[in-house]
Amino acid sequence: MKYFSTKNKIVAYSLEEAVLMSLPPDNGLFMPEKIPQLRPEFIANLKNENVASIGYEISKTLLGDDIPHDVLKKICNEAFSFPVNVVNVHNNTYVCELFHGPTLAFKDFGARFMSRVMSYLNRKHTTPLTILVATSGDTGGAVADGFHNVEGIEVYILYPSGGVSELQEKQLTTYGNNIHAIEVKGTFDDCQKMVKQAFMDKDINDKLFLTSANSINVARWLPQQFYYFFAYKQWTDKNNPPVISVPSGNFGNICAGILAMQSGLPVQHFIAASNANDIVTEYLLSQKLIPKQAVATLSNAMDVGNPSNFVRIKEIFRHQFPALKSKLSSYSITDAETIATIKTVYEKENYVLDPHGAVGFLSLERYLQSHPRQKGIVLETAHPVKFPDAVESCIGKPIDIPVSVQTIMKKEKMSILIKADYGQLKEYLLQ
Ligand SMILES: *Cc1c(COP(=O)(O)O)cnc(C)c1O
């Protein structure tokens with residue numbers, strides 16, 4: 001399989017180039033040259049499959065020319081070693097829990113798969129790969145966990161001192177070995193600026209083989225379709241496929257679901273569940289995608305004012321607006337509605353949603369009100385314990401903390417503290 005930039009259909013890239021570069025030089029996004037068509041028997045016989053075996057079947061079609069099948073199988077088994085639960089919360093509403101991975105958010109799927117794919121693709125290079133990322137919270141933890149002890153890769157994570165939650169900081173700073181946490185006396189924007197400077201610095205690039213673990217990397221995007229198949233496996237009403245509601249920020253997750261549908265997965269309709277950052281909700285009304293300054297909300301992992309993956313969705317629908325609109329709806333949910341949803345769902349159904357899942361839940365409810373014969377699945381993208389302040393005040397009691405989190409909270413923080421000064425970062429990276 002070759003990969004093309006969304007901005008250029010002429011120059012083909014190998015999987016290795018697409019993954020190790022992350023972004024094509026023209027600033028488009030990489031897309032596979034074609035969308036594989038899965039065998040109908042595969043879809044009909046999902047009942048014996050798990051996320052790892054589904055991942056293996058699908059990754060053979062996308063990555064199988066470049067990575068031997070036994071290696072892909074091992075990558076999938078290692079990366080997807082945690083459960084996914086589908087819970088019936090209400091008559092016509094199911095929640096697919098994607099938060100049982102090590103950092104309690106769905107980003108574990110992409111990060112764990114990408115790290116292993118990168119390690120394999122870099123095996124012939126003698127210099128280790130150096131991953132440099134800035135994080136405002138969630139991405140850093142998933143990247144730290146995903147790359148921990150992965151051979152031939154060193155990871156440097158910059159985060160704003162005092163700008164992440166205690167749990168998030170522990171998830172960045174307690175792995176050790178090849179994971180290096182750099183605490184910056186500054187803001188997330190300072191961190192991001194320093195990372196950008198390093199990518200453009202000749203001295204750094206002469207010495208290190210630098211790459212990013214950006215969420216638009218194909219090796220992070222593509223594995224996000226696997227759990228859609230897993231959720232469908234548990235769908236009993238095969239004559240009436242599910243409506244799927246996806247809490248969306250940068251639109252990577254929902255775009256992977258749409259890819260799954262184009263490969264053969266039965267899906268009635270997709271819902272892009274947004275918070276106050278309503279760029280796509282507006283687009284579906286006006287046909288104009290107008291980036292805005294992001295506004296801060298309770299579902300902060302979706303505070304994105306210019307969703308980078310949306311162009312991939314347009315590409316999948318060949319830029320045909322009516323086709324896109326017939327498969328995608330979007331709602332913009334306020335913080336007040338998010339809180340009310342967490343409360344009601346807890347009181348009526350005894351189920352605890354996190355703020356991102358609540359945005360997804362209410363969006364699905366709105367859609368089902370006008371489509372009463374349909375049923376849906378909400379992707380729950382984070383464990384409620386990641387947002388204790390918002391959630392506990394809604395449900396009026398503390399949330400049970402998973403054992404994995406209890407362990408990490410007891411570990412010792414390891415990080416170096418630097419000023420928001422590029423010179424200090426450079427010195428550290430070059431030493
Ligand atoms: C990153 C994230 C999202 C948004 O996912 P996209 O793929 O960027 O749309 C939603 N919920 C949580 C908890 C996240 O961490």
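We count ligands from 1, going down the list as the structure has it; atoms in each ligand are counted the same way.
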Inset, instruction - Verify the distance criterion only: is there a donor paired with an acceptor across the side chains of Glu169 and Tyr159 at less than 3.5 Å? - result: yes
Using a 3.5 Å cut-off on N/O to N/O, what pairs does ligand 1 make with the protein? A line per pair would be great.
{"unit_1": "ligand 1", "atom_1": "7 (O)", "unit_2": "Gly252", "atom_2": "N", "d": "3.2"}
{"unit_1": "ligand 1", "atom_1": "7 (O)", "unit_2": "Asn253", "atom_2": "N", "d": "2.9"}
{"unit_1": "ligand 1", "atom_1": "8 (O)", "unit_2": "Asn250", "atom_2": "N", "d": "2.8"}
{"unit_1": "ligand 1", "atom_1": "9 (O)", "unit_2": "Gly249", "atom_2": "N", "d": "2.8"}
{"unit_1": "ligand 1", "atom_1": "9 (O)", "unit_2": "Asn250", "atom_2": "N", "d": "3.2"}
{"unit_1": "ligand 1", "atom_1": "9 (O)", "unit_2": "Phe251", "atom_2": "N", "d": "2.8"}
{"unit_1": "ligand 1", "atom_1": "11 (N)", "unit_2": "Thr381", "atom_2": "OG1", "d": "2.8"}
{"unit_1": "ligand 1", "atom_1": "15 (O)", "unit_2": "Lys107", "atom_2": "NZ", "d": "2.5"}
{"unit_1": "ligand 1", "atom_1": "15 (O)", "unit_2": "Asp138", "atom_2": "OD2", "d": "3.4"}

Inset, instruction - Would you tell me whether Thr187 and Asp190 have side-chain atoms, one donor and one acceptor, within less than 3.5 Å of each other? - result: yes
Inset, instruction - Hey, can you tell me if Phe80 and Phe113 have their rings parallel, tilted or perpendicular (30° and 60° cut-offs)? - result: parallel
Legend entry - For Asp278, salt bridge (charged side-chain N to carboxylate O under 4.0 Å, His left out) partners two or more places apart: Lys292
Inset, instruction - Please step through ring-ring contact (aromatic ring centres under 6.0 Å, His included) for the pair Phe109 and Tyr227, ending with a clear verdict. - result: CA-CA 9 Å; Phe109 289 91; Tyr227 44 74; 4.6 Å; yes
Inset, instruction - Give me the ring orientation class for Tyr13 and Phe30: parallel if the planes are under 30° apart, tilted from 30 to 60°, perpendicular past 60°. - result: perpendicular
